[in-house]
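To keep things clear, I will list the structure first and then write my remarks on it.
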Amino acid sequence: MKVAVFGWYGHDNAGDERIKYSLDYFLKTLGGIDVINFYDLHNHAIQGKTRKFDHYDLVIIGGGGLILSQHNYHDFIMGIKTKIITAGVSVETALIGNPKKFAEALLEKSSAFLVRDQASKEKLAPLDKSNKVIVSSDLTFLTPFETVPYKLSNKIAVNFLAKSKLNLANFPSFILRSIEVANHLGIKNIPPIYSFKPIINVLKNKYSLVPIPLYCAKQSADIPYYQMNDVAILKTHFNQVASMFDDSLMDTCNLFLSMRLHGLIFAIQKGLLPLTFSIYPKQINIMKEVGLDSSIINIRDINETPQFVENSLNNSEINRQKIISYREKAITKIKNDLLQAIN
């Protein structure tokens, strides 16, 4: 049996690379699979319909936040002539235009459709005429990190991103650079970024902060601040930052304040307390799945972050029970759902 997997691979993003590792390991343990090839979805999908993958017995789309791009991916999906399953994905944008067409193509062509949170299922519901969508869990729960003993420590892991108060995702680089300069000069009426420096300084006075980068792709030196990888951004706040993701850095911490989804997921897998900001839907959704709504900090109230950290630590026993319970369910759920989908 030959399997092709399409996702966001090869970009030094810890979450996606762990998904790749987990899928590869899980599929190999099933037996009877001779070939597993991983491909970057975007690179192939933007080329439209193709017969290049017809010789595979199974195509897996996933995981991650793939239903996001504004590019035409639907023609590529509709052109695939072999069995397709969609697994471990989430919906991270409004389903209009090309994202809607992509979702419709996946729903039509997939024999099984596994999302990693209830909110994604609800977004897909108006398009899901055959009731294919099932809430499962993230694909990294196929090979979760081992839990670490909880210790009374003053160490907390942190991951911060450059986030503007406006959506600048589709702005050209030269405009981003102009905005960055304008912010630096203090020019008014320019969309500012959220400043985490004050709360980092407050946290440093009480805790030992461990910066953990998850997106570590190599970049040019002149890239705008808004598009910097985690290493570069964290270096604006800390003198020492690892150049690559290292999960062992989390092992001496008891809490992970992460703006990236897989920072939260890896914290859950290791039994650490996850904490995040109300910026990205997928981060909010995973926290709600675990039952940790109280650990979502309203981004408009970032000055209250130290209090959220303290509250989470003060309620560590109750929160850890929720984390361990979700971890066990997520592992069983994704393994059973994916096995059933493949068979």
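A side-chain donor-acceptor contact under 3.5 Å links Asn311 and Gln307. Side-chain contact, Asp251 with Ser248: no donor N or O sits under 3.5 Å from an acceptor N or O.
In the hydrophobic clustering of this structure, Ile19 does not group with Phe113; members are Ile, Leu, Val, Met, Phe, Trp, Tyr whose side-chain heavy atoms approach within less than 4.5 Å, directly or through other members. With hydrophobic clusters built from ILVMFWY side chains whose heavy atoms lie under 4.5 angstrom apart, Val59 shares a cluster with Val115. The cluster map of Ile, Leu, Val, Met, Phe, Trp and Tyr, joined by side-chain heavy atoms under 4.5 Å apart, puts Leu106 and Val5 in different clusters. When hydrophobic clusters are built by joining Ile, Leu, Val, Met, Phe, Trp and Tyr residues whose side-chain heavy atoms come closer than 4.5 Å, directly or via intermediates, Met1 is grouped together with Phe26. Ile199 and Val158 end up in the same hydrophobic cluster when Ile, Leu, Val, Met, Phe, Trp and Tyr side chains are linked at under 4.5 Å.
Other residues, nucleotides and ligands contribute over 12 non-hydrogen atoms within 6.0 Å of the CG atom of Leu339. Remark: Lys204 NZ is packed, more than 12 non-hydrogen atoms of other residues, nucleotides or ligands lying under 6.0 Å away. Residue Lys235 places its NZ atom among 12 or fewer non-hydrogen atoms of other residues, nucleotides or ligands, all under 6.0 Å distant.
With sequence neighbours excluded, no residue forms a ring pair (Phe, Tyr, Trp, His ring centres under 6.0 Å) with Tyr25. For Asp54, the salt bridge (charged side-chain N to carboxylate O under 4.0 Å, His left out) partners are Arg51, not counting sequence neighbours. Qualifying ring pair (Phe, Tyr, Trp, His ring centres under 6.0 Å) partners for Phe266, counting only residues two or more places apart in sequence or in other chains: Phe145, Phe245, His262.
Each of Thr276, Asp230, Asn159 was compared with Arg260 under the side chain to side chain donor-acceptor pair (under 3.5 Å) criterion, and only Asp230 meets it.
Nearest heavy atom pair, residue Ile233 against residue Phe160, reads CG2-O, 3.5 Å. For the pair Ile342 and Leu30, the tightest heavy-atom approach, listed with the atom from each and the gap, is CD1-CD1, 3.9 Å. Of all heavy-atom pairs between Ala103 and Leu95, the closest is CB-CD2, 4.1 Å. Gln269 approaches Pro144 most closely through the heavy-atom pair OE1-CA, 3.6 Å. Here the closest non-hydrogen pair linking Glu17 and Gly10 is OE2-N, 2.7 Å. Pairing each heavy atom of Pro274 with each of Ile323, the nearest pair is CD-CD1, 3.4 Å.
Distance CD1/Ile156 to CG/Leu273: 10.5 Å, rounded to 0.5 Å. Ile67 CD1 to Ser90 OG: the interatomic distance, rounded to the nearest 0.5 Å, is 8.0 Å. Atom CD in Glu317 sits 10.0 Å away from atom OH in Tyr150 (nearest 0.5 Å). To the nearest 0.5 angstrom, Ile324 atom CD1 is 11.5 Å from Asn319 atom CG. Note that CD1 of Ile212 is 5.5 Å distant from CE of Met250, once rounded to the nearest 0.5 Å. Note: Leu264 CG to Leu272 CG = 11.0 Å, rounded to the nearest 0.5 Å.
The side-chain heavy atoms of Ile36 and Leu23, taken from C-beta on, include no pair separated by under 4.5 Å. With contacts defined as side-chain heavy-atom distances shorter than 4.5 Å, the pair Ser208/Lys155 qualifies. Side-chain contact between Leu41 and Phe76 is present, with at least one heavy-atom pair separated by less than 4.5 Å. Counting only heavy atoms from C-beta outward, the side chains of Lys197 and Thr236 never approach each other to under 4.5 Å. Residues Tyr280 and Leu261 fail the side-chain proximity criterion, which asks for heavy atoms closer than 4.5 Å. Counting only heavy atoms from C-beta outward, the side chains of Leu27 and Ile60 approach each other to under 4.5 Å. Counting heavy atoms from C-beta outward, Leu107 and Lys129 have side chains that stay 4.5 Å or more apart. Between Met244 and Pro213 there is no side-chain heavy-atom pair separated by less than 4.5 Å.
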(request) Could you walk me through whether His74 and Glu104 pass side-chain contact (heavy atoms from CB on, under 4.5 Å), step by step? (result) CA-CA 8 Å; His74 47 278; Glu104 288 174 331; over 6 Å; no
(request) Dump the intermediate steps for side-chain contact (heavy atoms from CB on, under 4.5 Å) on Leu139 and Ile334, then the final yes or no. (result) CA-CA 7 Å; Leu139 288 169; Ile334 189 60; 3.8 Å; yes
(request) Show the numbers, then the answer: is there a side-chain contact (heavy atoms from CB on, under 4.5 Å) between Phe277 and Leu257? (result) CA-CA 9 Å; Phe277 297 96; Leu257 171 57; 3.8 Å; yes
(request) Might you work through the side-chain contact (heavy atoms from CB on, under 4.5 Å) test for Tyr215 and Leu161, ending with a clear yes or no? (result) CA-CA 10 Å; Tyr215 175 52; Leu161 307 180; over 6 Å; no
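Judged by distance alone, the side chain of Gln219 and the main-chain N or O of Gln227 form a donor-acceptor pair under 3.5 Å. Proximity of a side-chain donor or acceptor of Gln283 to a complementary backbone N or O of Met259 within less than 3.5 Å is detected. Side-chain N or O atoms of Ser153 include none that pairs as donor or acceptor with a backbone N or O of Cys253 at under 3.5 Å. A side-chain donor-acceptor contact under 3.5 Å links Lys109 to the backbone of Ile80. Proximity of a side-chain donor or acceptor of Ser137 to a complementary backbone N or O of Arg116 within less than 3.5 Å is not detected. A donor-acceptor distance shorter than 3.5 angstrom exists from the side chain of Ser120 to the backbone of Val91, with no hydrogens or angles considered. Distance alone, capped at 3.5 Å, is enough to place a donor-acceptor pair between the Ser316 side chain and the Leu313 backbone.
For Asp247 and Arg18, the salt-bridge test fails: no basic side-chain N is under 4.0 Å from an acidic carboxylate O. Remark: Lys132 does not engage Asp128 in a salt bridge, criterion side-chain N to carboxylate O under 4.0 Å.
Under the 30°/60° scheme for interplanar angles, the aromatic rings of Phe38 and Tyr9 are found to stand perpendicular.
For residues 94-103, no pair satisfies side-chain hydrogen bond (donor to acceptor under 3.5 Å, both in side chains), with sequence neighbours left out. For residues 26-46, the side-chain hydrogen bond (donor to acceptor under 3.5 Å, both in side chains) pairs, not counting sequence neighbours, are His11-Asp40, Asp24-Lys28, Asn37-Tyr56, Tyr39-Tyr56, His42-Tyr73.
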Which atom pairs, one a donor and one an acceptor, fall under 3.5 Å between side chains of residues 286-306 and the rest of the protein, sequence neighbours left out?
| from | atom 1 | to | atom 2 | distance (Å) |
| --- | --- | --- | --- | --- |
| Glu289 | OE2 | Gln118 | N | 2.8 |
| Asn298 | OD1 | Arg300 | N | 2.9 |
| Thr305 | OG1 | Ile302 | O | 2.6 |

